[in-house]
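Report on one structure; see the data block that follows.
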Protein chains: 4
Amino acid sequence: MQREIRPLGRPRQDHQDKPTKAVILDVATQLFLDKGYQVVSMDDVAKKCGVTKATVYYYYKTKSDLFTDAMVQMMLRIKKRIFDILSTEKPLKDRLFEFAKAHLQATFDMDINGFMKEAKASLSNEQLQQMKQAEDKMYEVLEQALTASMEKGEIPRGYPKLGAHAFVALLTVGNFKDAEHKPIFLSLDEMTEQIVDFYWNGIGN
Amino acid sequence: MQREIRPLGRPRQDHQDKPTKAVILDVATQLFLDKGYQVVSMDDVAKKCGVTKATVYYYYKTKSDLFTDAMVQMMLRIKKRIFDILSTEKPLKDRLFEFAKAHLQATFDMDINGFMKEAKASLSNEQLQQMKQAEDKMYEVLEQALTASMEKGEIPRGYPKLGAHAFVALLTVGNFKDAEHKPIFLSLDEMTEQIVDFYWNGIGN
Amino acid sequence: MQREIRPLGRPRQDHQDKPTKAVILDVATQLFLDKGYQVVSMDDVAKKCGVTKATVYYYYKTKSDLFTDAMVQMMLRIKKRIFDILSTEKPLKDRLFEFAKAHLQATFDMDINGFMKEAKASLSNEQLQQMKQAEDKMYEVLEQALTASMEKGEIPRGYPKLGAHAFVALLTVGNFKDAEHKPIFLSLDEMTEQIVDFYWNGIGN
Amino acid sequence: MQREIRPLGRPRQDHQDKPTKAVILDVATQLFLDKGYQVVSMDDVAKKCGVTKATVYYYYKTKSDLFTDAMVQMMLRIKKRIFDILSTEKPLKDRLFEFAKAHLQATFDMDINGFMKEAKASLSNEQLQQMKQAEDKMYEVLEQALTASMEKGEIPRGYPKLGAHAFVALLTVGNFKDAEHKPIFLSLDEMTEQIVDFYWNGIGN
DNA sequence: TATGAATGAGTGTTCATTCAT
DNA sequence: TATGAATGAACACTCATTCAT
């Protein structure tokens, strides 16, 4: 976890290392996703990066800045991933299946709402806005894929925005575990299939 | 709870002489739902109750105890409400519609997942277990209604557990607002209708 | 310096002790006068009181609150002292002499200006106002004594406000030490006499 | 100090190509006078100079070095200014008037005492000594003018050192503002005149 | 000459928790 | 039953200083 102990001053340029700022962002993203905004301290981030708190502050002026950047970058990456999966020429249902599977494997809940509520008190309006916009863009990619399929007659006409949100919402079902830690379906494949089937019916097929 | 002599007439906000413990629990529930576990301090709860922190500790040994109790009680109440709505003789779709509408009007996201993640680090296993069980029970009520309807042939046979979770998941879509604070559908009624329709298709009708 | 180590919780009421809040205020006053606002940390105050920082915060919500209270109370005390000295029936010059001597013995520079500049950035407008007002009241006492003496014909008519400030300003001369730590006059008595004589001429006698 | 190519015409705030070290010293002097030692950070100085902190450290080994140099240089300049004003052939009272007016216009309190107290904890003995000596020299100029006037019989014999300090002390009265921001006299000219008159009486005329 | 990256030691402040009364 | 006084551990953030380049 800890890289080596670092001497004062500028470190000799070690060109293999990821730049510190990137390390911090990655570690922060992971920690925030894992535990939420409030629970993660700047010291936690720093320690896991093998640097001091002051170094983190060298790159990010406040904790909320770090959080906002982490979340926005993450949503951009997800948007890209969704886009890549949905851009192929396969039938929509197959693409949705792939997307669902990829998402469910990644384990984490794309529970942006929950995050936002928790962090709300600590974020500036501008920061909230930035995050909201990144979130919107994520959904838009999915929405556009649905719209395209509707136009091609692949699925019945309907509300693509509802469709996009419904799909993501249904995915969260895949992460549910009951008090005995049992998920709804035992295998990931079955889980995915059932969710996509459900969705496929939902949009009117 | 000793109170000083007070002028005649209706006391202003005096929690209607509910026992102190109940006042604390209510206030805490509301605060936790509003702002999340970490953000709410025992002092916040105390102040909003008009008592001192020490009094809160008199009734609840720790913050996580208070939280657990607040959440469990709330889920029990919700379970009861779901049960009441689903127990009538109307067709399932109508009952679902009513449930959805009641839920969406209540505004708050039944985002237990999010809460749990945030509080996880601070809760004992036993407390997590208690909450999980209360959550399970909530879903079970819905599950049973679905099972009953399947048996009556009102809806096609399927996975009632998936059905229950899918329904609640879809409801969260109703709370979405984009960066310009616009929801997916402008009216609550249309929102509800579209979600229930989607769901109704989803379960195979 | 450190009183005893204190156990958690409320201490047994030790009726001989000054109340903690008073101890804190006294210690803080002394430290602030000695070293200035910025240099004194809340921890410094706490340690010198034999309590923890959190205890200091129990009584004073912020450092600037503590500072403001400390300075205002001090100025009130000084005002009272000035008033007592100046209220006797002796000739004005004798009263001024007494005041001067008392003041110079107290060593500290009533250098409110300097303090204010240093603390300015950290104080709220209201706090600055409070301090300014306390300062004004201090000067007023002296001013009134001068006005009274003018009316009695004891000293020539002039500007009592200027007279009040001039006197206090001249007193600061008594605290001067050169690079070899030598004051202007070797004995306190001569210092006082010369300053008062100077002042006495200044106001036109 | 390398600067990029720049459009023709007068550069905006570019410190007129003064050597970097001089820019730093000037900026630091102004900041320290304005806000005091502790409040001003090396970063503040650097930013206001348009260089980085490291550059400031290139020229001044520590913050206290920078402070000491800034203050000493400033006192030398003031000494020179006093000297220039007091060296003319006009009557002493006129020269004092001129000096007073120049000083009061400059607004800033020559409150070296206050500064020293604040910075004391952070300065080495040697640095304190340097500052003290520069201060002494400032007063000496005034002292010598007084001595000369005494020898010429222009003013009664007395204590020139007291006279020098008294004069400077009285000047601080000119900077006083009460809680409503009102000075003792409304016009600068009257202020100056009254102070000089007071002083003139004080030294025995 | 000048800088970017990093640190270590603080600083003000908050908060869950404790305990004598 | 309820509270006032106190604590200890943390937390976000700052700053003087260092050093390889």
Side-chain angles (χ1 to χ4, degrees), chain A residues 5-13 19-21 38-46 50-64 66 122, chain B residues 1-3 19-21 38-46 51-66 122, chain C residues 5-13 19-21 38-46 50-66 122, chain D residues 1-2 19-21 38-46 51-66 122:
Chain A
I5 292 134
R6 223 192 267 269
L8 265 182
R10 181 185 230 182
R12 228 189 243 100
Q13 196 69 6
T20 309
K21 186 167 183 175
Q38 303 288 348
V39 173
V40 174
S41 79
M42 291 299 261
D43 232 1
D44 290 342
V45 175
V51 298
T52 60
K53 223 192 324 191
T55 302
V56 179
Y57 275 97
Y58 180 76
Y59 292 103
Y60 292 93
K61 233 178 48 194
T62 64
K63 185 186 178 186
S64 58
L66 174 55
S122 315
Chain B
M1 247 186 36
Q2 205 137 323
R3 306 206 174 267
T20 309
K21 185 166 185 178
Q38 303 289 345
V39 172
V40 174
S41 77
M42 291 299 260
D43 233 4
D44 290 343
V45 175
V51 298
T52 61
K53 232 190 322 191
T55 304
V56 178
Y57 274 95
Y58 180 75
Y59 290 104
Y60 292 93
K61 233 178 48 196
T62 65
K63 186 185 177 186
S64 57
D65 280 349
L66 174 56
S122 315
Chain C
I5 293 134
R6 224 191 266 271
L8 265 182
R10 181 186 230 184
R12 230 189 240 103
Q13 196 70 7
T20 310
K21 187 168 182 175
Q38 304 288 347
V39 173
V40 175
S41 78
M42 290 300 260
D43 231 2
D44 291 342
V45 175
V51 298
T52 61
K53 228 191 320 190
T55 302
V56 178
Y57 274 96
Y58 180 74
Y59 291 103
Y60 292 94
K61 235 177 46 195
T62 64
K63 187 186 177 185
S64 58
D65 280 350
L66 175 56
S122 314
Chain D
M1 250 188 31
Q2 206 136 321
T20 309
K21 185 167 184 176
Q38 303 289 345
V39 172
V40 174
S41 78
M42 292 298 261
D43 233 5
D44 291 341
V45 176
V51 299
T52 61
K53 232 189 322 190
T55 304
V56 179
Y57 274 94
Y58 180 76
Y59 289 104
Y60 292 93
K61 232 178 47 194
T62 65
K63 186 185 177 186
S64 57
D65 279 349
L66 175 56
S122 315

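Within every chain, numbering begins at 1; the chains are lettered A, B, ... in the order of the sequence lines, protein sequences first and strands thereafter.
Looking at heavy atoms from C-beta onward, B/Ser122 lies in side-chain contact with B/Gln38 at the 4.5 angstrom threshold.
Closest to the C/Ala54 side chain, of the nucleotides E/dC15, F/dT3, F/dA6, is E/dC15. Of the candidates E/dA5, F/dT17, E/dT17, the closest approach to any side-chain atom of D/Thr62 belongs to F/dT17. Ranking E/dA16, F/dT3, F/dA16 by closeness to the D/Lys63 side chain, first place goes to F/dA16. Minimum atom distance to the side chain of C/Tyr57 is reached by E/dT13, of the listed E/dA6, E/dT13, F/dA12. Closest to the side chain of D/Met42, from the set F/dA16, F/dA6, E/dA2, is F/dA16.
The line from CE of D/Met42 to OG1 of D/Thr52 is 11.0 Å long, rounded to the nearest 0.5 Å. Atom CG in B/Leu66 sits 10.0 Å away from atom NZ in B/Lys21 (nearest 0.5 Å).
Nearest heavy atoms, B/Val39 versus B/Asp44: O-OD2, 3.7 Å.
Nearest-nucleotide mapping onto DNA chain F: of B/Thr55 and A/Gln38, the residue sitting toward the 5' end is B/Thr55. Comparing A/Asp44 and D/Lys61 by the nucleotide of DNA chain F whose heavy atom lies nearest to each, the residue mapping closer to the 5' end is A/Asp44.
The distance between atom CG of A/Leu66 and atom P of F/dC11, rounded to the nearest whole Å, is 15 Å. For the pair A/Asp43 CG and E/dT11 C1', the interatomic distance rounds to 15 Å; values are reported in whole Å. Spacing between atom CG of C/Asp65 and atom C1' of E/dT13 amounts to 12 Å, rounded to whole angstrom units.
Pair assignment for E/dA20 gives F/dT3, based on Watson-Crick or G-U wobble hydrogen-bonding distances that are each under 3.5 Å.
Within 4.0 Å of A/Lys53, counting heavy atoms only, lies at least one base atom of the nucleic acid. Contacts of B/Val40 with the nucleic acid, taken as non-hydrogen atoms under 4.0 Å apart, involve only primed sugar atoms and P, OP1 or OP2. Across all strands, C/Val39 comes closer than 4.0 Å to no nucleic acid atom at all (heavy-atom distances). Within 4.0 Å of D/Ser41, counting heavy atoms only, lie sugar-phosphate atoms of the nucleic acid but no base atom.
Side-chain N/O atoms of C/Tyr59 include one lying less than 4.0 angstrom from OP1 or OP2 on F/dA6. Of the side-chain N and O atoms in A/Tyr58, none sit less than 4.0 angstrom from OP1 or OP2 of E/dA6. Contact check, D/Thr52 against E/dT3: a side-chain N or O comes under 4.0 Å of OP1 or OP2. For the pair D/Thr20 and E/dA2, the criterion of a side-chain N or O lying under 4.0 Å from OP1 or OP2 is met.
At least one test fails for C/Lys63 against the ring of C/Tyr57: distance under 6.0 Å to the centre or angle within 45° of the axis.
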